[in-house]
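Chain letters run A, B, ... following the sequence lines, proteins first, then strands; residues in each count from 1. These numbers were taken from a predicted model, which means no experiment stands behind them.
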Amino acid sequence: ETGVTQTPRHLVMGMTNKKSLKCEQHLGHNAMYWYKQSAKKPLELMFVYNFKEQTENNSVPSRFSPECPNSSHLFLHLHTLQPEDSALYLCASSQEEGQGDSPLHFGNGTRLTVT
Amino acid sequence: GQSLEQPSEVTAVEGAIVQINCTYQTSGFYGLSWYQQHDGGAPTFLSYNALDGLEETGRFSSFLSRSDSYGYLLLQELQMKDSASYFCAVRDGATNKLIFGTGTLLAVQP
């Protein structure tokens, strides 16, 4: 298997639930990212990990908690979310963070609905 | 502030040529990228321009003018499968982060 794989593809959760999104990349990249994609809005960068170290927390509420146990795996732990958190959550990887000509490779995303 | 502007929607017919423009405002600049995203799919990288001029890759070309803070994606010989959203992205020089535009939805009609 190659590329960036995200699970689950779809998730419906209540505001009091706790769930986790998983991302795995098989590209040998050293940087991994979480993006939020909402309708009619630009992709919003949430978190960045470079060589397993978090280098960016883009003013994301604490109800979103990332975890990067190694360069191939990235998790996003969710708890007490709000309905406005419903969106497509995209994971991406790149060779290293910040390299201009190093493109992002995205997964297919997790479509999250908070009820 | 940092911002990218691109048209929200473009419609064209099969076989035609379409140009999707992107203007940006960032503090510093490290290059302009383009990504394609089909409905329900992952964004995929199309092109990257760091220097002024035109880069051609098959039916797709990308242009950059740093003095005008402007670039465009040119799609030739349009096919139905080109119907998708196209995002420009700029690496901000101050933060070194990739900033995306809101995307242009391209509809290719028979």
Side-chain angles (χ1 to χ4, degrees), chain A residues 1-10 21 23-27 29 31-50 54-60 87-112, chain B residues 1-9 22-26 28-53 55 57 60 62 64 66 71 73 84-105:
Chain A
E1 192 175 316
T2 60
V4 180
T5 304
Q6 288 187 245
T7 55
R9 288 299 308 273
H10 301 273
L21 310 184
C23 176
E24 185 174 358
Q25 58 97 1
H26 304 273
L27 300 168
H29 288 165
M32 296 188 78
Y33 310 75
W34 280 116
Y35 280 88
K36 177 183 178 183
Q37 186 174 34
S38 304
K40 308 295 184 186
K41 286 181 149 183
L43 281 163
E44 299 175 50
L45 178 63
M46 300 175 72
F47 300 105
V48 181
Y49 281 82
N50 199 35
Q54 185 174 321
T55 60
E56 178 74 28
N57 177 342
N58 201 21
S59 302
V60 180
L88 182 67
Y89 288 85
L90 290 161
C91 173
S93 70
S94 68
Q95 188 59 49
E96 277 187 44
E97 183 197 4
Q99 287 186 332
D101 59 351
S102 178
L104 297 181
H105 295 254
F106 285 88
N108 285 319
T110 295
R111 173 68 62 186
L112 174 67
Chain B
Q2 307 159 344
S3 67
L4 289 91
E5 297 285 335
Q6 51 181 133
S8 59
E9 293 183 25
C22 174
T23 57
Y24 58 87
Q25 182 175 15
T26 57
F29 175 79
Y30 282 160
L32 177 69
S33 301
W34 288 93
Y35 287 79
Q36 178 194 61
Q37 185 179 27
H38 286 99
D39 189 29
T44 55
F45 173 77
L46 290 177
S47 66
Y48 172 75
N49 293 65
L51 302 176
D52 293 349
E55 297 276 347
T57 309
F60 293 2
S62 56
L64 174 65
R66 288 173 294 172
L73 180 69
S85 291
Y86 292 84
F87 297 87
C88 58
V90 170
R91 189 168 297 281
D92 183 79
T95 64
N96 204 27
K97 303 304 177 188
L98 200 59
I99 304 166
F100 285 85
T102 52
T104 298
L105 180 61

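- With a threshold of 4.5 angstrom between heavy atoms, A/Leu104 approaches chain B through its backbone and through its side chain.
- A distance of 10.0 Å separates CG of A/Leu43 from OG1 of B/Thr102, quoted to the nearest 0.5 Å.
- For chain B, no part of A/Glu44 is nearby; none of its heavy atoms comes within less than 4.5 Å.
- Judged as a ring pair (Phe, Tyr, Trp, His ring centres under 6.0 Å), and not counting sequence neighbours, the contacts of A/Phe106 are A/Tyr35, B/Tyr35.
- Here A/Arg111 pairs with nothing under the salt bridge (Lys or Arg N to Asp or Glu O under 4.0 Å) rule; sequence neighbours left out.
- Here OG of A/Ser94 is found 11.5 Å from CZ of B/Phe45. Values are rounded to the nearest 0.5 Å.
- Proximity to chain A (any heavy atom under 4.5 Å) is shown, for B/Ile99, by neither the backbone nor the side chain.
- Side-chain atoms of A/Asn108 come within 3.5 Å of backbone atoms of B/Ala42 as a donor-acceptor pair (strictly under, hydrogens ignored).
- Closest approach of A/Gly107 and B/Pro43 over heavy atoms only: O-CD, 4.4 Å.
- Two residues are said to be in side-chain contact when any heavy atoms from C-beta on lie closer than 4.5 Å; A/Pro42 and B/Leu4 fail this criterion.
- When heavy atoms are compared at a cutoff of 4.5 Å, A/Leu90 approaches chain B solely by way of its side chain, counted from C-beta outward.
- Using a 4.5 Å heavy-atom cutoff, the side chains of B/Phe87 and A/Gln37 are in contact.
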